[in-house]
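Before any comments, here is the structure.
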Amino acid sequence: MTATDEPLDPAHVADVLSRPPFVQISGVSNVRDLGSYPTTTINAITRPGYAYRGAEVSNITEEGIQQMKALGIATVFDLRSDPEMQKYSTPIPTIEGVQILRAPVFANEDYSPESMAKKFELYASGTTDAFMKLYSQILDHGGRAFGTILRHVRDRPNSPFLFHCTAGKDRTGIIAAILFKLAGVDDHLICQDYSLTRIGREPDREKVLRRLLKEPLFAANTELALRMLTSRYETMHATLGLFREKYGGVEVYVKNFCGLTDDDISIIRENLVVPAKARM
């Protein structure tokens with residue numbers, strides 16, 4: 001077990017989770033506000049209290065529902081696919097007053113045993129190169145799903161939303177990076193946000209391990225399973241390079257894969273930022 005795989009100090013985790021950008025929604029882990037980050041626009045920050053990222057919302061509590069509503073979140077985008085929800089018994093909850101929209105990154109057939117075995121092998125290796133292969137798959141398949149979220153930003157700038165996958169790390173981390181890049185957030189801060197998932201998921205560490213250890217690849221090797229929990233700064237740094245080298249940059253990606261126009265991108269950028277005095 002490496003230092004990055006070992007359990008984190010509970011007091012440190014509790015302290016970090018109690019402060020921004022983390023937000024408390026009972027029953028949902030790893031929730032963060034994408035707002036209040038400085039941008040390349042002078043005296044402008046990302047809009048606070050608008051875009052939230054998190055892990056699956058299937059186990060949200062009644063308290064969590066009230067917390068979600070207090071944040072003004074009226075729309076939730078679920079990036080998971082049916083086989084994933086069935087496998088982990090994590091269905092979409094019914095939350096009165098909150099619209100949960102399906103936006104699966106992968107088609108059902110991408111969850112065949114053979115396909116999942118290959119994905120798990122890549123995750124288990126834990127290398128940056130392996131994650132780039134996985135993240136290329138997410139980017140190649142995720143255009144429609146990510147476009148759905150981006151059109152919400154374009155069309156509903158005053159309607160806070162949350163997006164999530166299962167862990168709130170990979171698919172969620174990529175669309176978060178897209179939103180940050182379009183808003184003009186510095187790469188360093190994007191990488192820092194991505195790395196926070198290591199702390200954000202710590203309260204669910206044992207639950208995640210129990211799930212993973214049911215997989216043949218991980219059953220006899222806990223160390224490999226622990227690599228699934230990693231969320232390294234270097235991985236997102238490489239991902240931002242992947243955007244540039246393979247896809248021509250984030251703006252080109254959202255035009256080619258999400259079907260957006262230059263005008264759409266301008267509106268999205270405008271809707272993602274506010275004057276710095278609006279910091280909350």
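- When the side chains of ILVMFWY residues are joined at heavy-atom separations under 4.5 Å, either directly or via intervening members, Phe180 and Leu162 end up in two distinct hydrophobic clusters.
- With a 4.5 Å cut-off on side-chain heavy atoms, Met68 and Leu71 do not count as touching.
- Here Asp78 does not pair with Arg171 in a salt bridge; the nearest charged N to carboxylate O distance is not below 4.0 Å.
- Criterion: ILVMFWY side-chain heavy atoms under 4.5 Å apart, direct or through other members. Under it, Leu150 and Phe161 are part of a common hydrophobic cluster.
- Between the CD atom of Gln66 and the CD atom of Glu62 there is a distance of 5.0 Å, given to the nearest 0.5 Å.
- Of the N and O atoms on the side chains of Asn30 and Thr197, at least one donor lies less than 3.5 Å from an acceptor on the other residue.
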Problem set entry | Criterion side-chain contact (heavy atoms from CB on, under 4.5 Å) on Ile65 and Gln67, from CA distance to verdict | CA-CA 5 Å; Ile65 290 173; Gln67 290 168 323; over 6 Å; no
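- For the 3.5 Å distance criterion, the side chains of Tyr247 and Asn256 fail to qualify, holding no donor opposite an acceptor.
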Exercise. Given the rule in the side-chain contact (heavy atoms from CB on, under 4.5 Å) test, do Arg211 and Thr90 qualify, once you have shown the distances and angles that lead to the verdict?
Worked result: CA-CA 12 Å; Arg211 281 184 185 176; Thr90 52; 3.2 Å; yes
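- Of all heavy-atom pairs spanning Pro93 and Ser58, the tightest one is CD-CA, 4.1 Å.
- Between Tyr253 and Phe243, the distance from one ring center to the other falls under 6.0 angstrom.
- Hydrophobic clustering (ILVMFWY, side-chain heavy atoms < 4.5 Å, transitive): Leu182 and Phe146 are in one cluster.
- Looking at every heavy atom in both residues, Ser26 comes nearest to Thr61 through OG-OG1, 2.9 Å.
- Atom CG of Asn43 is surrounded by 12 or fewer heavy atoms from other residues, nucleotides or ligands within 6.0 Å.
- A donor-acceptor contact shorter than 3.5 Å links the side chain of Thr46 to the backbone of Ser36.
- Taking the charged nitrogens against the carboxylate oxygens, Asp33 and Arg53 have no contact shorter than 4.0 Å, which rules out a salt bridge.
- The heavy-atom pair separating Leu242 from Ser136 by the smallest distance is CD2-OG, 3.5 Å.
- Ring-centre distance between Phe77 and Phe163: not below the 6.0 Å cut-off.
- Listed for the Thr39 side chain is no donor-acceptor partner under 3.5 Å among the backbone atoms of Gly184.
- Taking 4.5 Å as the limit, some side-chain heavy atom of Ile92 sits within range of a side-chain heavy atom of Arg102.
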Problem set entry | Stepwise side-chain contact (heavy atoms from CB on, under 4.5 Å) check, Tyr52 with Leu34 | CA-CA 6 Å; Tyr52 296 90; Leu34 271 62; 5.9 Å; no
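- The two residues Asp170 and Cys165 have their closest heavy-atom pair at N-SG, 4.5 Å.
- Sparse packing is recorded around NZ of Lys118, with 12 or fewer heavy atoms of other residues, nucleotides or ligands lying under 6.0 Å away.
- Checked against the 6.0 Å centroid threshold, Tyr194 and Tyr233 do not count as a close aromatic pair.
- For the pair Lys119 and Phe106, the cation-pi test (distance below 6.0 Å, angle within 45°) is passed.
- Within 6.0 Å of the NZ atom in Lys133, the count of heavy atoms belonging to other residues, nucleotides or ligands does not exceed 12.
- For the pair His152 and Ser159, the minimum side-chain heavy-atom distance is below 4.5 Å.
- Salt bridge Asp264/Arg151: absent, no basic N to carboxylate O contact under 4.0 Å.
- Residues Val28 and Asn59 fail the side-chain proximity criterion, which asks for heavy atoms closer than 4.5 Å.
- A chain of hydrophobic side-chain contacts below 4.5 Å, direct or via other Ile, Leu, Val, Met, Phe, Trp or Tyr residues, connects Ile178 to Met132.
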For this session: List the steps and the verdict of side-chain contact (heavy atoms from CB on, under 4.5 Å) for His237 and Arg232.
Result: CA-CA 9 Å; His237 186 266; Arg232 296 180 295 115; over 6 Å; no
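- With values rounded to the nearest 0.5 angstrom, Asp186 atom CG is found 9.5 Å from Leu240 atom CG.
- Rounding to the nearest 0.5 angstrom, the gap separating the CD atom in Glu63 from the CD atom in Gln24 is 9.0 Å.
- Ion pairing between a basic and an acidic side chain is recognised when a charged N comes within 4.0 Å of a carboxylate O; Arg201 and Glu206 show no such pairing.
- Residues Asn271 and Asp155 have side chains not in contact (no heavy-atom distance under 4.5 Å, counting atoms from C-beta outward).
- In this structure, Thr230 OG1 and Lys169 NZ are separated by 5.0 Å, a value rounded to the nearest 0.5 Å.
- A salt bridge links Arg269 with Glu251: the distance from a Lys NZ or Arg NE/NH1/NH2 to an Asp or Glu carboxylate oxygen falls below 4.0 Å.
- With sequence neighbours left out, the salt bridge (charged side-chain N to carboxylate O under 4.0 Å, His left out) criterion links Arg19 to Asp15.
- Looking at heavy atoms from C-beta onward, Ile199 lies in side-chain contact with Val16 at the 4.5 angstrom threshold.
- Between Phe257 and Leu139 there is no side-chain heavy-atom pair separated by less than 4.5 Å.
- Linking Ile, Leu, Val, Met, Phe, Trp and Tyr residues whenever their side-chain heavy atoms come within less than 4.5 Å places Val98 and Val31 in a single cluster.
- Using a 4.5 Å cut-off on side-chain heavy atoms (C-beta onward), Thr239 and Cys191 make no contact.
- Between the CD1 atom of Ile149 and the OG1 atom of Thr75 there is a distance of 11.0 Å, given to the nearest 0.5 Å.
- Nearest heavy atom pair, residue Ile45 against residue Pro275, reads CG1-O, 4.1 Å.
- A salt bridge links Asp187 to Lys181: at least one charged side-chain nitrogen sits closer than 4.0 Å to a carboxylate oxygen.
- Atom CG of Leu260 is separated from atom CD1 of Ile265 by 6.0 Å, given to the nearest 0.5 angstrom.
- Panel note: side chain Asp204, backbone Lys207; no donor-acceptor pair is recorded below 3.5 Å.
- Between Ala177 and Met236 the shortest heavy-atom distance is CB-SD, 3.9 Å.
- Between the side chains of His141 and Gln137, no donor-acceptor pair is found at a separation under 3.5 Å.
- Checking side-chain atoms of Ser89 against main-chain N and O of Met85 turns up no donor-acceptor pair under 3.5 Å.
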